[in-house]
Amino acid sequence: MQDEIGAVVDLLSHPGFLTGVGIGLVAAALLLAAGLGTSGAPRGWGLAFALTVGLGVSIQFDVDPVVYIFVGALVLVGLAGDLIVRSRRYGSASAPAMIGYWLAALVAAFGLASLLSLEEVGWAPWMLPVVVAGSGAGIWLLSRSDISETVGPMVAVSVAGMWVTVPETDAITVLVGAAIPFGLATLPPLRARAWVAGSLALSGATAWLVFVAGEPRPWTIAAAWATLATLPILGALVTIRPGSYNRYLVFGIHVVYVLVITRVADITDSPIVVAASTLLLAVSVALLTIASQRLLDPAQLTS
């Protein structure tokens, strides 16, 4: 217990953590100001979160500029997804449209994965695109659901699980710091929500940081990525059957799941973690298509 308390104290005083909190507070304040000028909730939560992390990491650490090019590609793909959703023209063709969109997201994520080191973690470039597309879709679906205020706290819990899981935490401290103000930003009174573009940018930046932080112990990377697995699954379920899920129940399931994942990662160092993580993330594919089709049905679309 003393070691855990010491680790938390070290985190709270880490320059990366303080940078993430500081920039995150400014970005959240700007989101609040933008929300005051509109009739609805501010929609730039995911993009503001991703930009905060990117800026904070650039200030504190040396980063390959190519990373930002591929995260930018995810933003562009996400903007295409936003246009598909907002066009309200697809109707029965929504499933093929969204399948094409998610394939484009996977291609952009493969570009980001190409930057990863292949030593002892040759599975990572194949798993990362599923993580990016799946968790990005989960954030987006939760942001559009009737329990949208839970998305910030759920992402913050996943980030906390990542920090516990990966052994080298310097590169991820900015993400942990930024997760505090942004974890609260989707709650009242701000109630910020995410576009597809911001959701993909955030998931891409997060997945990449996890790899950088966890590379010394490769199997922990899969476990840290797996803390995001419930986002697409729960996001799809609450979209397919709106009003059927209590927000506290959904959040509680996510918290328990992340706690289990962090404990499993702590006691095992095995490819089983990779296999189980990939399976959990892959389960979301069919659910995402069904949920996306519902959202693209003009009768179901909301602003």
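Excluded from the calculations below are hydrogen atoms, water molecules and symmetry mates; all remaining heavy atoms, backbone and side chain alike, are included. Quick caveat: nothing in here was measured; it's all calculated off a predicted structure.
Distance NE2/H254 to OG1/T230: 4.5 Å, rounded to 0.5 Å. The OG1 atom of T165 sits 8.5 Å away from atom CD1 of I172, with the distance rounded to the nearest 0.5 Å. Between L25 atom CG and L30 atom CG the span is 11.0 Å, to the nearest 0.5 Å. To the nearest 0.5 angstrom, L141 atom CG is 12.0 Å from I233 atom CD1. Interatomic distance, T52 OG1 to L47 CG, rounded to the nearest 0.5 Å: 9.5 Å.
Residues V21 and L55 do not share a hydrophobic cluster, defined by chaining ILVMFWY side chains whose heavy atoms lie under 4.5 Å apart. Grouping the Ile, Leu, Val, Met, Phe, Trp and Tyr side chains by contacts below 4.5 angstrom, directly or via other members, places V159 with L259. Hydrophobic clustering of Ile, Leu, Val, Met, Phe, Trp and Tyr side chains at less than 4.5 Å, counting indirect connections, unites V157 with L11. The cluster map of Ile, Leu, Val, Met, Phe, Trp and Tyr, joined by side-chain heavy atoms under 4.5 Å apart, puts V255 and L187 in different clusters. Cluster annotation: Y257 and F251 are assigned to the same hydrophobic cluster (Ile/Leu/Val/Met/Phe/Trp/Tyr, side-chain heavy-atom contacts under 4.5 Å, transitive).
In plain terms, the two heavy atoms of G46 and A194 that are nearest each other are N-CB, 3.8 Å. Taking both residues in full, the closest heavy atoms of A156 and A179 are given as CB-O, 3.8 Å, listed atom of the first, atom of the second, then distance. In this structure, A192 and L31 approach most closely via the heavy-atom pair CB-CD1, 4.3 Å. Contact record, V132 with S203: O-OG, 3.0 Å, taken as the closest heavy-atom pair. In terms of heavy atoms, Q60 sits closest to P15 at OE1-CB, 3.5 Å. Here the shortest heavy-atom pairing between G134 and P232 reads O-CB, 3.1 Å.
Judged by distance alone, the side chain of S145 and the main-chain N or O of L142 form a donor-acceptor pair under 3.5 Å. Not a single donor-acceptor pair under 3.5 Å links the side chain of R43 to the backbone N or O of W195. Here the side chain of S148 pairs no donor or acceptor atom with the backbone of R144 at under 3.5 angstrom. At distances below 3.5 Å, at least one donor-acceptor pair connects side-chain atoms of Y68 with backbone N or O atoms of G54. Of the possible donor and acceptor atoms, one in the side chain of S158 sits under 3.5 Å from a partner among the backbone N and O of T227. Checked by atom type and distance alone, the side chain of S143 never pairs as donor or acceptor with a backbone atom of R193 at under 3.5 Å. Looking only at distances, no side-chain donor or acceptor of D146 sits under 3.5 Å from a matching main-chain atom of P242. Remark: the backbone N or O of V210 is not paired with any side-chain donor or acceptor of W225 at under 3.5 angstrom. Put simply, the side chain of T186 gets close to the backbone of E149: a donor and an acceptor are under 3.5 Å apart.
Between M162 and V176 the shortest side-chain heavy-atom distance does not fall below 4.5 Å. Taking the side chain as every heavy atom from C-beta outward, L32 and P42 never approach each other to under 4.5 Å. The closest side-chain heavy-atom distance from I221 to V166 is not below 4.5 Å. At a threshold of 4.5 Å between non-hydrogen side-chain atoms, the residues I139 and W45 count as touching. Between V57 and L209, some side-chain heavy-atom pair lies under the 4.5 Å cut-off. You'll find the side chain of T206 reaches within 4.5 Å of the side chain of L202, heavy atoms only.
F49 and F182 have parallel rings, their planes meeting at less than 30° on a 0 to 90° scale where 60° marks the start of perpendicular.
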**Request:** Decide yes or no on side chain to side chain contact (heavy atoms under 4.5 Å, CB included) for L228 and V131, but give the supporting numbers first.
**Result:** CA-CA 8 Å; L228 298 166; V131 175; 4.0 Å; yes
**Message:** Before you tell me yes or no, could you show the steps for V151 and W140 under side chain to side chain contact (heavy atoms under 4.5 Å, CB included), namely the whole-Å CA-CA distance, both residues' side-chain angles and the distance that decides it to 0.1 Å?
**Reply:** CA-CA 9 Å; V151 66; W140 170 60; over 6 Å; no
**Request:** For the pair M154 and V250, evaluate side chain to side chain contact (heavy atoms under 4.5 Å, CB included) and give the outcome as yes or no after the intermediate values.
**Result:** CA-CA 9 Å; M154 289 174 73; V250 170; 4.1 Å; yes
**Request:** For the pair V174 and F17, evaluate side chain to side chain contact (heavy atoms under 4.5 Å, CB included) and give the outcome as yes or no after the intermediate values.
**Result:** CA-CA 5 Å; V174 174; F17 175 83; over 6 Å; no
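Remark: the H14 side chain and the T19 side chain contain no N/O donor-acceptor pair separated by less than 3.5 Å.
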